[in-house]
Structure formats: C-alpha cells, structure tokens
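All remarks here apply to the structure that follows.
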Amino acid sequence: MSDDSAAGAEADLPEGVERRTFGGRERLSTRGAQVYGEPVDAEGWRAWDAGRSKLGAMLELGMDTGLVGDESVLYLGAASGTTVSHVADFAGPTYAVEFAPRPVRDLVGVAEDRTNLFPLLKDARDPESYAHVVESGIDCLVMDVATRGQATVAVRNRQFLADDGRLLMAVKARSEDVTAEPDDVFDDVVAELESAYEILDTARLDRFHADHLGIVARPK
Amino acid sequence: MTDAWFAGADPDDPESGATRVRTGRASAPADWPAEAVDAGFAADDTDYYAKLRSATLAAASEAVAERERADDVQLAHAVRAMDDAERTANELAERVVEWAGTLYEDVPRGLDGVRDIAARDPKTAAEERVVSYATRAVDLLDERDDLRAFIEERAPTTAPNLAEMAGPVLAARLIALAGGLESLAKKPSGTVQVLGAEDALFAHLKGRATSPKHGVIFTHEYVRGTRPQDRGSAARALAGKLSIAARIDHYSGDYRPDLHDELADRMATIRARADEEADE
C-alpha cells in the first residue's frame, strides 16, 4: 500500500518504536514479549499492527503524538492489551484501565510478562475508583473507549495529566451515535474536549479504522 | 491520612494491597510513588512500582475470577452452549440422514432418524462410520438436554422473578443478550423489548424499516400466543414487567408474587380486545 496520506512532515517516532522489515514490508515495531501471534524478528522486535491498534495507526499516519519514550502513561480502554503491550514496551509506568472482565483476563497475562504494566479492572467513567492507584502528573493519557460520552471521559480524566502532558484519543463515531454522520459526531466531541483541552492535531484513521478520528491534545 | 492504595496495606503482603486496589477510592490522584517512599511503604521508586505491580496483578486476577464465576455469567454461557449444541446437532443430523439413506431403506427423518441410526448394529465399514457419526450427534443432543436442565435448575436461584416470568431459558437468553443481570437491570424496557432483534432495530434507525415490535421475547407465550395486531402491546407490557423483574432480582433478589399477577391482569386485558371485537 502506498503511504500517501502520511506524506509531508512526518513526526519522529518515540524511542523504542522502530520501523523494521517484516515479511518484506516495513512496519512499526516495539521490543518485548510476544502477545497476540504478531511477527517477531531475530532481535526480538515485534510488529505493531496499525490495523488492530488505533494508537499504532496514529503513529503510522505520522501524527505528532509528542511521545518520546519512557513517559508515564494512563491507558483507558486497554481491552485485552494488544495496544497497551506495545505502549508498555517503550513507555515508563503504564496504567491500563479496562471495564470488562473477560478482556482483563488476557490483559493480566500481558502484564505478567512486563514489569511496568499495571492492569486495573475499573470504569474509566468513574476516575475516583482508581485515583487512589494512578499517580498524578501523567505524561500521556491514551483513550480508546468505545462508549457513548467519549469526550466526557477525557475531560473527567484530565486531572491525571501533567500540565505539559498529552491526550492521545481515538474517537469511534459509531459509539456515540450509530445513525449520525461521523463528521458531525467528531465536531461534537472536539467541541466538548475544548472545554478542558487545546486540540493540537486531528486526523481520520479510516485507512486503518473506519469512522475513527485520532486526536492529539494538551490540557488547557 | 491519605487515600492512597498502600495506606494501611502491609508492604510485604501483595494481598492486602490488592484488596485496597479493588475497594479503595480517592477524590483526586497524587504523587503516590513519592508519598509511598516518604511513608516508608517502599524503599524507592523501583521498589514502589514492583509492589504496585504485585498488588494490581493480584487485584485484577481476583476481580476477574469473581465476576466470571458469577451465576449470571454461568447462565449466559450455558444458554449459548445449549444453542450451539442444538444448531450443531441439527447440522450433523442432516448429514447422517442423507448418508444413512444411501445405506438403509427405512430411515426416519430428522432427529428421530439420527437416534434410530445410532441404535443400529453396523455390518459394513460404511455403516460403521455412519452409525458412529450418528452417535456423536445423539451425544450432542443429550448434552443440549443436560444444559437445558442445568439452566432450569440455576435460573430460578439467580433471577427468581425473571425466571418465573420469562421461563428459565428465556431468562438466561435475556441475561446473555444484555451481557449480565446487572446490565439487563439497567436497560430501559424498550431495549429489553427488542433484545435479539438488533438487525431489525438498526435497519429501522437507519430509516430502512419499521421499528421491530419484539426481539427474543417473541418466544414467550404472552407474545406469540397473542393475535398479530395486539402483539406490539403484549410485547411492550411483557418487556416492562421483565425489566422490573430483572431490577428486583439484581437489587434485592426476593420473589414478588404481585408483579406476576399484575402482568397476568394486563395480558388478560390485551387479549380481551380480540373477544370484544368478535362480539361486535
């Protein structure tokens, strides 16, 4: 596939994320224990599938995430740990919040192979239920929650972020309203986010994820 | 005094930290690693994160095990397994009857045919295969019956009002479709009414169809046994009481006979419409 949409000034990848060749194709990769049957090269780098990871897609599309590596991360909507495993490979302390028990069973398995990944079976809409565990001054808040009110969740979790921290968010249009036009949904989400965040960049992730918008923002 | 997860936890016992991780709350986050070192809970940051890791891993594993062992989750799995077993048995039966028809003259149709073939004494290699195959299908049918018996025994203790009103199997189906008894209890009755009719509902929301009158509750006698022009009312009345039943089962758990009488009265009123029109 040609890389037309990511043409132009491409942001630097964080330390610990590299483009390497897997099966003749250049792909993102991080170094760590294998998680979901992804290809691993001889030096222990494992391919990061942008089609299965919204954050992977944001990096693949060249969005400036501000990630440099080794930051503290609060990841909301960790699911079974596909993406968060890659994050923990290059980041520092990584708190992974997921609401559904079944995926957390897998997430615990991913965390057992890593020293800096802390799984939490908690509801991201209720930050007080994990504020006694997650530290303040987090460098990066990653959000991939497929529930209605995604912007509200981002605003409520603003309190964890350092003033110069980053919000990296993937908005799923269909979680807000299955019948509305995705663009209208995205406008509403961005408008609500602006009460607490300054939007730095947005990009449609459609090449990898239909009807998703990637957002990079920082606290106001 | 701090709200931190490590407050009051034994630094050398991940279990005590795990309990605090699961049950604690704080109004706002703080620099917990620094506080833990100041409080003497951890020697340094590295030690703190190692202790945090043990506590969160233990807490998440325990919480998952507890939620997944819960009775409503078991019911949901059982009813899905029952449907799988039945669907697969029917699929195997079709092949058995088809195949056996080429070897035997007198093969009854359908699942009866399968039981009949499985009971036969094979005389050739081909007959041996088809009889063996039929035996698997019969085993699967028996498994389906055992699963149904399990649901009939469990549903009344897990959700007494819902099981009484919907019948144990439909109660289990509603719980499975909603994703648990708690989720079912939190759904509005309009949603309960169309659970299992999601395709039709989304077609309607996109403007391609009329709104569905009922989902899986169609299998209930109150809906199926009501004449078509009154089925919408019947489904609405049943769904309303079913969601109240689910709420009572989730939040209190005691059996309320009144609820079932009210529904019976309402249904009698709806069905009386047919008689009134017949009299006119």
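Letters go in sequence order (proteins before strands), and every chain restarts at 1. FYI, side chains are in, hydrogens and waters are out, and symmetry mates aren't considered; it's all heavy atoms of this structure.
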**Study point:** Under 4.5 Å from any heavy atom of chain B - which part of A:Tyr130
**Key:** neither

Practice item. Determine yes or no for a side-chain-to-main-chain donor-acceptor pair under 3.5 angstrom, with A:His132 supplying the side chain and B:Val21 the backbone. Key: yes

**Study point:** Option that, when pairs with chain B are counted at under 4.5 Å, heavy atom only, ranks first among A:Val108, A:Leu120, A:Val133
**Key:** A:Val133

Exercise for review: Considering only heavy atoms, give the residues of residues 181-211 of chain B separated from chain A by less than 4.5 Å, sorted numerically, with 'none' for an empty result.
Suggested key: B:Phe202, B:Leu205, B:Lys206

Review point. Between A:Ser129 and chain B, which part of the residue has a heavy atom less than 4.5 Å away: side chain, backbone, both or neither?
Key: both

Revision key, fill the gap. Chain B shares the most heavy-atom pairs under 4.5 Å, among A:Glu128, A:Gln159, A:Arg105, with A:Glu128

Review point. Can you tell me if B:Trp32 uses its side chain to pair, donor with acceptor, with the backbone of A:Ala131 under 3.5 Å?
Key: yes

Check your understanding: For atom CZ of A:Arg148, is the number of surrounding heavy atoms from other residues, nucleotides or ligands below 6.0 Å larger than 12?
Key -> no

Exercise for review: Determine whether more than 12 heavy atoms belonging to other residues, nucleotides or ligands lie under 6.0 Å from atom CZ of B:Arg148.
Suggested key: no

Exercise for review: May I ask you to name which of A:Pro119, A:Ala100, A:Ala111 has the most heavy-atom pairs under 4.5 Å with chain B?
Suggested key: A:Pro119

Practice item. Check whether A:Glu112 gets within reach of chain B through its side chain, its backbone, both or neither, counting any heavy atom under 4.5 Å. Key: both

Review point. With chain A, which of B:Ala34, B:Pro33, B:Ala4, B:Gly24 has the greatest number of heavy-atom pairs at distances under 4.5 Å?
Key: B:Gly24

**Study point:** Interface residues of residues 47-75 of chain B facing chain A - non-hydrogen atoms under 4.5 Å apart
**Key:** B:Tyr48, B:Tyr49, B:Leu52, B:Arg53, B:Thr56, B:Leu57, B:Ala60, B:Ser61, B:Ala63, B:Val64, B:Arg67, B:Glu68

Revision key, fill the gap. So, the part of A:Arg114 with a heavy atom under 4.5 Å from chain B: the answer is backbone

**Study point:** Gap between atom CG of A:Leu121 and atom CZ of B:Arg22 - 0.5 Å precision
**Key:** 8.0 Å

Check your understanding: Hey, is CG on A:Asp163 packed in by over 12 heavy atoms from elsewhere, all under 6.0 Å?
Key -> no

Review point. Crowded around A:Arg174 CZ? As in, over 12 foreign heavy atoms under 6.0 Å?
Key: no

